[in-house]
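Chain identifiers are assigned alphabetically (A, B, ...) following the order of the sequence lines, protein sequences preceding nucleic acid strands; residue numbering begins at 1 within each chain. Not measured: the values here are computed from a predicted model.
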Amino acid sequence: MRSVMSGNEAIARGIWEAGVKVAAAYPGTPSTEILENVSTYPDVYSEWSVNEKVALEVAIGASSTGARAVAAMKLVGLNAAADPLFNSSWIGVRGGLVVISADDPGRHSSQTEQDNKNYARFAMIPALEPSDSQECKDFLMLGLELSEELNCPVLMRTTTRTSHSKGLVELGERHEPDREIGIEKDLKYSLLPAFTRNRPKEMYERLARIRRRVETLPINRMEMGDTEVGIVACGAAYQYAREAFPGASFLKVGSPYPLPVKMAANFRSRVKTLIVVEESDAFLEEQLILAGIKVDHGQDLLPHWGELDPALVANLLTAAGIPGAAASLLAQPYAAQEGLPVRPPTLCPGCGHRGVFTVLSRLKLWVSGDIGCYTLGAMPPFNAMNSDICMGASISTAHGIQKALGEAAFEKKNRKISVIGDSTFFHSGITGLLNTIWNNGNSVIVILDNRTTGMTGGQDTPGTGKTLMGTVAPALDIAHLCRAMGVSRVEVVDPYDLKAVEVSVTAALDSGQPSVIVAQAPCVLEYKVRMSDAWVVDLEACTACKRCLRVGCTALSLLSPDEKGKQKVEIDPTLCIGCGVCAQMCKFNAIGPKVAEPARA
Amino acid sequence: MDTAYQEPMNLLLSGVGGQGVILASFLLSQVALEAGYDIKQSEVHGMAQRGGSVVSHLRFGHKVYAPLFTPGQADLLLSFEPLEALRYLHWLKKDGLLVYNTVRVNPSTVSSGAAEYPEGVEERIGRSFGRVVGLNAVAIAAQAGTARAANLVLLGAASPSLPFSREMWDAVLKRELASNVLEVNLKAFQLGRAAVEG
């Protein structure tokens, strides 16, 4: 039976079919749907872990019992999980262990881009990279088998296009490996120098076995066509190159690390011009060169970062005199229209973050931000976020700034505040806060507690009282936790009350003490919040001052100029949830709930 | 060598988060599957639900490699909003077809006064391009029973240009749409089709 699946759905299917027992992840685009889909298969235990490091450690523990296990994350998640990744390579596996890194060339939904195939070389483990949904399923299952055969974790790298594109997938049944699951007492799990004397030698011997093994894997293959041009490619880039040069010969690489160099040398001998087409780093190209295989072209012609596409490959290589590109890709009959207004992402109408950023914008504070929907606070009309570095950094970098400034940190012009979401706080903000308290920091931290992981589509957190598989769990109270950690000033505020937010923030800054302000309001999208009927603008009271537009709500829009040329404001009743934040900005009481007479308060 | 390779048919859908672009793309993919084609479909997830532009690529043929295509390659551009039609017009092939909804949705930059909705969008579309079908899909959907079915009106209007039979469409719509909205959606599809067939 065939089904249309995204790469992430296909990976989840592969996890189920391969008899995986435990799958763990922290949500992050473009990886999130893997675990969301695994959770629809009750045979697999699946969880949102608090962060990627924890998720991989959970999977390592499961593997040590003989069970098959998977951890999934977005590119930067593997930076957080690098510690257990390297050490799991040192200890080896019992049950198959696959680590999935979903990379994001072109930064569709990421701050940065990086090629995580490099982690495989660094940790001396194989990397597999699928090109479509079918391969996403097949490679995941192969990865688990290779992991057991070679006694090491296997890295599977996808990209946004392979994870999110849909294609046909042949479905199979679930087969659990026939083996006993249990605790094993083995010194290999204790990475003490006394126990690891021979481990580096064993790891190099294992790498030699891995190198031999990839030469015979069917996922690495030559597809011979016209031998004038031979293209080496993997992942999505293979698809782009296949389409750009439909007649050429291909070395389709399924294991970018290690590259099957014997096969590559054979391929080299059969083609006249050898070109490497790859996204992100010159990862295959460098391995070819190291193996003494002549590369005619690679990233001398193709970009070092961003996404490739068929037309880009066809045009750049054609410009360098490479023959055989598909003619249709070289033409674009219509020019792009210039100067069209963009549709930037914005906070949802009624979003609780809006109140906090309206106040921070007004107070003109220096704001260290973090990763989530609220990063949109950096955008107009708020412009109220001055740094946004990595998960949890809002708290720890603010502490570093304070220590560098010394006494000057208390001057009015140096006033700063940290803003972090609840899920990011649980991920890696707690340790930063603990560090601030321990080291006598005085940061003021606003935790935007919307009871979900909003940016990735609304996943549960330790604060929601629910797990990925839907079971009830203790719901962590952030204010209690902060008090227990020694924060002397902890306040809970309603972010829809602008005055209350401003009073709370100002008092915290004035106190000179470390302070946490928990701004509590459930995500309007995830919890389908509607506070009242849509509010309305009293056009007789409206003076067209546009002050309400400073809240940046898409439910508000300017009307056409009236007879005096003034542009008053209207509220879209299909978007407004009645949060009332815009009304608090209005000095003329022109905005209120829909009643016979607009409210005058 | 892949001698049988023929270039697939490329459909680009463009609109605004919440307009039903993703559902329309899914239904198209199911009809292409029903017709026995290999398919690839691609859209970028993440921020779309927060008011951004939504774009979906659907490709079908005997064999499809890449999940996306590029400007100048679309056989059909199905746009849910005039500005989003204009924005992606250059993705069409020389003889490609544009089917679009003429009802505006203001970007947040326009409603906040930071930018202006361009004047004469429909004229610009008509001037720069030949094969165009523009229709008020929202009004037609309202005739069918709900303005929310505008995406089905657009699918209906595009359907005569696609290599799928009425039977295939009927089978897919009946299989994939919830029974409580099926009738109004089928009607919206038919009214959309009738609007272009005259």
Side-chain angles (χ1 to χ4, degrees), chain A residues 2 4 29-30 33 108-109 132 160-162 164-168 223-226 236 238-240 242-243 246-247 249 309-312 326 328-329 331-337 339-348 373 376 380-381 455-457 525 546 549 552 554 556-558 567 572, chain B residues 1-3 5 7-8 16-17 26 29-30 33 38-53 57-58 64-73 83-84 86-96 105-118 124 128-129:
Chain A
R2 291 194 309 172
V4 179
T29 314
E33 301 82 7
H108 293 287
S109 321
D132 61 19
T160 301
R161 295 303 174 186
T162 41
H164 281 173
S165 299
K166 292 180 178 168
L168 293 171
E223 298 170 346
M224 298 312 291
D226 184 350
Y238 162 78
Q239 307 285 20
Y240 305 148
R242 205 77 177 75
E243 196 147 318
S249 292
D309 63 53
L312 189 67
S328 62
L329 293 173
Q332 184 189 318
Y334 304 103
Q337 303 278 327
L340 301 181
V342 293
R343 291 183 194 271
T346 54
L347 295 174
C348 299
C373 292
L376 293 169
M455 195 73 195
T456 44
L525 195 66
K546 302 190 177 84
L549 296 180
T554 47
L556 300 174
S557 61
L558 287 170
Q567 279 194 284
D572 184 336
Chain B
M1 185 166 152
D2 199 354
T3 47
Y5 180 73
E7 291 184 8
V16 182
F26 170 76
S29 75
Q30 294 300 309
L33 194 62
D38 185 20
I39 67 160
K40 287 258 167 75
Q41 188 197 2
S42 193
E43 65 242 2
V44 172
H45 303 214
M47 317 264 273
Q49 63 191 3
R50 278 168 270 276
S53 298
H57 295 226
L58 176 69
V64 184
Y65 289 109
L68 49 78
F69 52 92
T70 48
Q73 307 301 316
L83 182 58
E84 299 313 308
L86 195 58
R87 199 189 305 283
Y88 292 98
L89 209 55
H90 64 291
W91 282 66
L92 280 162
K93 286 179 180 168
K94 182 112 190 107
D95 55 350
V105 179
N106 276 341
S108 60
T109 45
V110 170
S111 23
S112 69
E116 283 188 9
Y117 198 97
R124 274 168 79 176
S128 54
F129 193 70

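Nearest heavy atoms, A:Gln337 versus B:Arg124: OE1-NH2, 3.1 Å. Contact detail for B:Leu68 and A:Arg161: the closest heavy-atom pair is CD2-NE, 3.0 Å. Across all non-hydrogen atoms, the minimal contact from A:Gln239 to B:Pro67 is CB-CD, 4.4 Å.
Ranked by non-hydrogen atom pairs under 4.5 Å with chain B, the options A:Pro30, A:Ala326, A:Ala331, A:Ser328 are led by A:Ser328. Counting heavy-atom pairs closer than 4.5 Å to chain B, the top residue among A:Thr162, A:Leu549, A:Leu558 is A:Leu558. Options A:Leu329, A:Thr554, A:Asp572 differ in how many heavy-atom pairs under 4.5 Å they form with chain B, and the most are formed by A:Leu329.
A:Asp309 CG to B:His57 NE2: the interatomic distance, rounded to the nearest 0.5 Å, is 9.5 Å. With rounding to the nearest 0.5 angstrom, the CZ atom of A:Arg2 is 7.5 Å from the CG atom of B:Asp38. Rounding to the nearest 0.5 Å gives a distance of 10.5 Å between CG of B:Leu92 and CD of A:Gln332.
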CA sep, side-chain torsions, deciding dist, call: B:Leu83, A:Leu340, side-chain contact (heavy atoms from CB on, under 4.5 Å): CA-CA 8 Å; B:Leu83 182 58; A:Leu340 301 181; 4.0 Å; yes
Audit row: A:Ser165, B:Ser42, side chain to side chain donor-acceptor pair (under 3.5 Å) steps and yes/no: CA-CA 4 Å; A:Ser165 299; B:Ser42 193; 3.1 Å; yes
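Both the backbone and the side chain of A:Leu168 come within less than 4.5 Å of a heavy atom in chain B. For B:Leu86, the parts lying near chain A are the backbone and the side chain together; criterion is any non-hydrogen pair under 4.5 Å. Both the backbone and the side chain of A:Ala311 come within contact range of chain B, each with at least one heavy atom under 4.5 Å from a heavy atom of that chain. Heavy-atom distances place the side chain of B:Gln30, and not its backbone, under 4.5 Å from chain A. Using a 4.5 Å cut-off between heavy atoms, B:Ser111 touches chain A through backbone and side chain atoms alike.
Listed for the A:Arg242 side chain is no donor-acceptor partner under 3.5 Å among the backbone atoms of B:Val64. Under a 3.5 Å cut-off, the side chain of A:Tyr334 and the backbone N or O of B:Gly72 do not form any donor-acceptor pair. Put simply, the side chain of A:Glu243 gets close to the backbone of B:Ala66: a donor and an acceptor are under 3.5 Å apart.
Only one option out of B:Thr109, B:Val110, B:Val105 pairs with A:Arg343 in a side-chain contact (heavy atoms from CB on, under 4.5 Å); it is B:Val105.
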